[in-house]
Amino acid sequence: MNHFLEISQLSKQAISSLLERALYFKKSKKHPNYSTSTAASLFYENSTRTRVSFELAAQRLSIPFINLDLQTSSEIKGEAIEDTIKTLAAMGINLFVVRHSQDGLPQELANRLSALPIHLINAGDGKHAHPSQAMLDLLTISEQKGELSRLKVAILGDVRHSRVANSLQSICALFEAKLSLIAPKIWQPLAPRYGEITTDLAAGLTEADVIICLRVQKERLLENESLDLADYRRNYALTSETLRYARPDAMIMHPGPINRGIEIDSDVADGPQSYILQQVSNGVVMRMAILEALVKNTLY
Ligand code: CP
């Protein structure tokens, strides 16, 4: 496969190979050199974790990495993203890490630019998918708990607007994990890819081995969706009290950035069951595995 766009396009074998390679990169001190490739990041939405970890991943594999500053690029003069990619490809850039607010844009670009010898990486498209986040989450879960197929995962919060939740549903479906989607009615997905939906926090968290708490994404709420934050906190916040519904050794995860005191309390986010910073660390090695698989054309 030329591109890394969605979990549903990957085989179980491809996912297992990425996990294996990421674990190898975690242990190994010496990394392969792919300096004949060059990468660029095109981030039309804000990011800390994803953009920096792709850059670090590229650096560790000796891949030069260009951070295109969209505020000073020709985007401001009205250049279409397609033309920006063609222009950069003409300079020899072959890996493009793209984040955009439009659902499905990376796939559209892959279709429209199929004649170019480039690899597109979806670093988050609108409310649609965030496949590298799901892969680093899978790595973090596998390291702590083993096989996903034996686990109950609970995704808590704004499932409807979450690209992270969509990609995690695809992973859980592939490995047939038990999945609970816990959300108030306004944040329930209209057509979930996988999992059981509940409005009941206690029921959803019961027996959970892994809790993935989602950010309250104020920027993605539609104008007609009223959000009473106090009401949300009362019913759905992950606190030391609500955490007791899950298994005593349940892992707490969050894709970040976290809203402390809204969807999660600080003592939970920073507590002994939290793997939030391990997720961030694993992001670098997982993204090394993704870049390598694209450069070596082993993603199938
Ligand atoms: N998880 C995630 O995508 O974080 P950033 O927005 O900081 O990249």
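Atoms within a ligand are numbered from 1 in the order they appear, just like the ligands themselves.
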Fill in: Carboxylate-amine/guanidinium proximity below 4.0 Å for Asp249 and Lys145
yes
Worksheet item: What about Arg51: any of its N or O atoms under 3.5 Å from an N or O on ligand 1?
Response: no
Item to complete: Please report the C-alpha distance between Phe96 and His119 in whole Å, then the side-chain angles of each, then the deciding distance to 0.1 Å, and finally whether the ring pair (Phe, Tyr, Trp, His ring centres under 6.0 Å) criterion is met.
Response: CA-CA 6 Å; Phe96 291 88; His119 306 287; 9.7 Å; no
Worksheet item: Which residue supplies the protein heavy atom nearest to atom 1 (N) of ligand 1, what is that atom called, and how far is it?
Response: Pro255 O, 2.8 Å
Fill in: salt_bridge(Glu207, Lys152) N-O dist < 4.0 Å
no
Worksheet item: Can you tell me the protein heavy atom closest to atom 6 (O) of ligand 1 and the distance?
Response: Arg99 NH1, 2.9 Å
Practice prompt. Would you please determine whether Gly124 falls within less than 4.0 Å of ligand 1 on a heavy-atom basis?
Written response: no
Discussion item. Looking only at protein heavy atoms, which one is nearest to atom 2 (C) of ligand 1, and what is the separation?
Written reply: Thr50 OG1, 3.5 Å
Fill in: N-O pairing of Asp267 and Arg260 below 4.0 Å
no
Worksheet item: Can you list the atoms of ligand 1 that are under 4.0 Å from a heavy atom of Gln133?
Response: 1 (N), 2 (C)
Item to complete: If you have a sec, work out which protein heavy atom is nearest atom 4 (O) of ligand 1 and how many Å separate them, to one decimal?
Response: Arg49 NE, 3.1 Å
Worksheet item: Judged by non-hydrogen atoms, does Glu45 sit under 4.0 Å from ligand 1?
Response: no
Discussion item. If I take atom CD1 from residue Ile211 and atom CG from residue Leu205, how far apart are they, to the nearest 0.5 angstrom?
Written reply: 5.0 Å
Worksheet item: Among Gly256, Ser53, Ser47, whose heavy atom sits nearest atom 8 (O) of ligand 1?
Response: Ser47
Discussion item. Test of understanding: clusters of I, L, V, M, F, W, Y form through side-chain heavy atoms closer than 4.5 Å, transitively. Do Leu201 and Met251 belong to the same one?
Written reply: no
